[in-house]
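Convention: sequence-line order gives letters A, B, ...; per-chain numbering from 1.
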Number of protein chains: 2
Amino acid sequence: MIENDIFRALADPTRRAIFEKLAAGGMNASALREGMEISQPAMSQHLSVLRSAKLVREERQGRFVNYEVDPEGLALIAQWLAKYRAYWPARIEALKVLLKDMDQ
Amino acid sequence: MIENDIFRALADPTRRAIFEKLAAGGMNASALREGMEISQPAMSQHLSVLRSAKLVREERQGRFVNYEVDPEGLALIAQWLAKYRAYWPARIEALKVLLKDMDQ
DNA sequence: GAATCGCATAAGTGTATGCTTATGTGTAGG
DNA sequence: CCTACACATAAGCATACACTTATGCGATTC
């Protein structure tokens, strides 16, 4: 179940930080480690978890591996969230922003 | 960090099932257990986790405790998701549904 | 082609998590 | 009040998880 992979992946604060960093622009694993006080194997393992959750995707570039946000994971979260739209409060600021951006 | 509580709460499939059940209508803990093969303490513990994640809220009714979906948790997920709207694919079906529902 | 670099994988370890059984707490009813 | 009921909490246990160190594997570079 992919939903399980997604929520489990996001349950770890380090992985959310990695994801947020990637959201600002794709980069390789070494660049991701900069300023993050995390070992190389740990980063590799986190990226593996994010990858199987479809939150991140990789692209080999020589001996580097460039990582970037995978929209598929985000879309799946949006789908999950949409199931409960009956319970969304009418005027949450985030939703207004969301609406404005999607209307474009 | 509430984000942490939310994603950790949703990382468990049993808790997502409980949440989904409550989304169909509020009910007490005993009613929730029906058809779920889960012990009474386990249910109580799961509800406690969902409660501290603001995904569920309680309302005492005599010796029963009625549980229902708390919109606050869902709104927080929406906020988190909104941060990455730049990566949402243009025409995901779920997002269209989402947009349609939020408009008007 | 040997060394180095970027990254993945293996194996081991402490801690968190979800369960269990047992017990506590508060409310309703006879 | 005394019992029964709905639920919460405590304590213990097996497993999952995030980390570590060590090693493997391609790809570049000299």
> Considering only side-chain heavy atoms of A:Gln45, which listed nucleotide, D:dC7, C:dT20, C:dT9, is closest?
Replying inline: C:dT9
>> Using a strict heavy-atom distance below 4.0 Å, which residues from residues 1-16 of chain B are in contact with DNA chain C?
In response: B:Arg8, B:Asp12, B:Thr14, B:Arg15
> Pick from B:Leu10, B:Val69, B:Asp70: which one makes a side chain to side chain contact (heavy atoms under 4.5 Å, CB included) with B:Leu55?
Replying inline: B:Leu10
> Touch check for B:Arg33, heavy atoms < 4.0 angstrom, all strands: base, sugar-phosphate only, or nothing?
Replying inline: nothing
>> Heavy atoms from C-beta onward define the side chain here; which of D:dT20, D:dA27, D:dT9 lies closest to that of A:Ser39?
In response: D:dT20
> Is it the case that A:Arg60 and A:Asn66 place a side-chain donor and acceptor less than 3.5 Å from each other?
Replying inline: no
> From D:dA8, C:dA8, D:dC7, pick the nucleotide closest to the side chain of A:Gln40?
Replying inline: C:dA8
> Closer to the 5' end of DNA chain D via nearest nucleotide, is it A:His46 or A:Gly62?
Replying inline: A:His46
>> Using a 3.5 Å distance criterion without hydrogens, assess whether the side chain of A:Arg33 forms a donor-acceptor pair with backbone atoms of A:Ile38.
In response: yes
> Can any side-chain N or O of B:Arg15 pair as donor or acceptor with the backbone N or O of B:Arg8 at less than 3.5 Å?
Replying inline: yes
>> In terms of relative ring orientation, are A:Phe19 and B:Tyr84 parallel, tilted or perpendicular, with 30° and 60° separating the classes?
In response: perpendicular
>> Tell me the interatomic distance from B:Asn28, atom CG, to D:dA8, atom C1', rounded to whole angstroms.
In response: 15 Å
> Separation of A:Leu32 atom CG from C:dA8 atom P, in whole Å?
Replying inline: 11 Å
> For the pair made of CD1 in A:Ile38 and C1' in D:dC17, what is the distance, rounded to whole Å?
Replying inline: 14 Å
> Considering only side-chain heavy atoms of B:Tyr67, which listed nucleotide, D:dA8, C:dC19, C:dC7, is closest?
Replying inline: D:dA8
> Between C:dC5 atom C1' and A:Met43 atom CE, what is the distance in whole Å?
Replying inline: 17 Å
> To the side chain of A:Ser44, which of C:dC19, D:dA8, C:dA8 is closest?
Replying inline: C:dA8
>> Just the rounded figure in Å: distance from P of D:dA8 to CG of B:Asn66.
In response: 12 Å
> So, A:Glu20 and B:Lys83, do they make that salt bridge, N to O below 4.0 Å?
Replying inline: yes
>> Side chain of B:Phe64, heavy atoms from C-beta onward: which of C:dA10, D:dA6, C:dA8 has the nearest atom to it?
In response: D:dA6
>> Tell me whether A:Val56 shares a hydrophobic cluster with B:Leu81, the cluster being built from Ile, Leu, Val, Met, Phe, Trp, Tyr side chains joined at under 4.5 Å.
In response: yes
> B:Glu59 CD to D:dC7 P: how many Å, rounded?
Replying inline: 13 Å
>> What is the distance, to the nearest angstrom, from the CG atom on B:Leu47 to the P atom on C:dG18?
In response: 13 Å
>> Which nucleotide wins on minimum distance to the side chain of B:Arg63, given the candidates C:dT27, C:dC19, C:dA10?
In response: C:dT27
>> Heavy-atom nearest nucleotide on DNA chain D for A:Val49 versus A:Gln61: which residue maps closer to 5'?
In response: A:Val49
> Within less than 4.0 Å of OP1 or OP2 of C:dC7, is there a side-chain N or O belonging to A:Arg51?
Replying inline: no
> What is the distance from CZ of A:Arg60 to P of C:dC5, rounded to the nearest Å?
Replying inline: 16 Å
>> Using a 3.5 Å distance criterion without hydrogens, assess whether the side chain of A:Tyr67 forms a donor-acceptor pair with backbone atoms of A:Leu47.
In response: no
